[in-house]
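Some notes on the structure that comes next.
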Amino acid sequence: MSHRVVIEYCTQCRWLPRAAWLAQELLTTFESELTELSLKPGTGGVFVVRVDDEVVWDRREQGFPEPTAVKRLVRDRVAPDRSLGHSDGHSDKGGDGDPAPGISP
């Protein structure tokens with residue numbers, strides 16, 4: 001299935017570099033899962049990430065995202081069984097939140 005990500009950012013706030021950096025992170029991580037990633041100029045302090053028209057991050061409600069948080073949310077929609085390696089909390093922690101055996105905190 002093809003997936004589309006849109007990052008809408010505020011031009012008045014000069015958030016293009018932040019949006020472009022996040023786009024690069026997502027394209028690098030999900031190069032085979034995404035068919036399109038677009039940057040959408042907006043105004044009024046907007047910074048919203050959508051996957052297939054579903055809002056997964058909105059700065060007004062959640063603040064600015066860490067790339068790993070957005071990667072997890074995108075992964076959950078485009079490749080739910082895929083591990084994100086060291087940046088994925090699921091892959092390096094046991095179910096109780098303690099590090100997996102052999103992994104030091």
Working to the nearest 0.5 angstrom, can you tell me the gap between [X] [atom1] and [Y] [atom2]?
X: L84; Y: R75; atom1: CG; atom2: CZ; value: 4.5 Å
X: L27; Y: L37; atom1: CG; atom2: CG; value: 4.5 Å
X: L16; Y: T11; atom1: CG; atom2: OG1; value: 9.5 Å

Taking the side chain as every heavy atom from C-beta outward, state whether V49 and V6 have any atom pair closer than 4.5 Å.
-> no
Validation row: V70, L22 side chains within 4.5 angstrom (heavy atoms) = yes
Enumerate the residue pairs fulfilling salt bridge (Lys or Arg N to Asp or Glu O under 4.0 Å) with a member in residues 1-13, sequence neighbours excluded, ordered by first and then second residue.
-> R4-E36, E8-R50
Those residues that, when tested against [X], pass salt bridge (charged side-chain N to carboxylate O under 4.0 Å, His left out) (two or more places apart):
X: E25; answer: K71
X: R18; answer: none
X: E61; answer: none
X: E54; answer: R77

Identify the heavy atoms of [X] and [Y] that sit nearest to each other, and give their distance.
X: V74; Y: V51; answer: CG2-CG2, 3.8 Å
X: C13; Y: G45; answer: SG-CA, 3.8 Å
X: S2; Y: D52; answer: O-OD1, 4.1 Å

Please go through V55's hydrophobic cluster and name the other residues, only I, L, V, M, F, W, Y counting, with side-chain heavy atoms under 4.5 Å joining them.
-> V46, V48
Count the heavy atoms of every other residue, nucleotide or ligand shown that sit under 6.0 Å from CD of Q12, and state whether that count exceeds 12.
-> yes
Residue list, side-chain hydrogen bond (donor to acceptor under 3.5 Å, both in side chains) with D58, at least two apart or on another chain | none
Contacts of A79 that satisfy side-chain contact (heavy atoms from CB on, under 4.5 Å) - sequence neighbours left out = E33, R82
Mind checking what makes side-chain contact (heavy atoms from CB on, under 4.5 Å) contact with E31, not counting sequence neighbours?
-> none
Report yes or no: does T35 contribute a side-chain atom to a donor-acceptor pair with the main-chain N or O of H3 at less than 3.5 Å?
-> yes
So ring pair (Phe, Tyr, Trp, His ring centres under 6.0 Å) across residues 33-80, not counting sequence neighbours, yields W15-F64, F47-F64
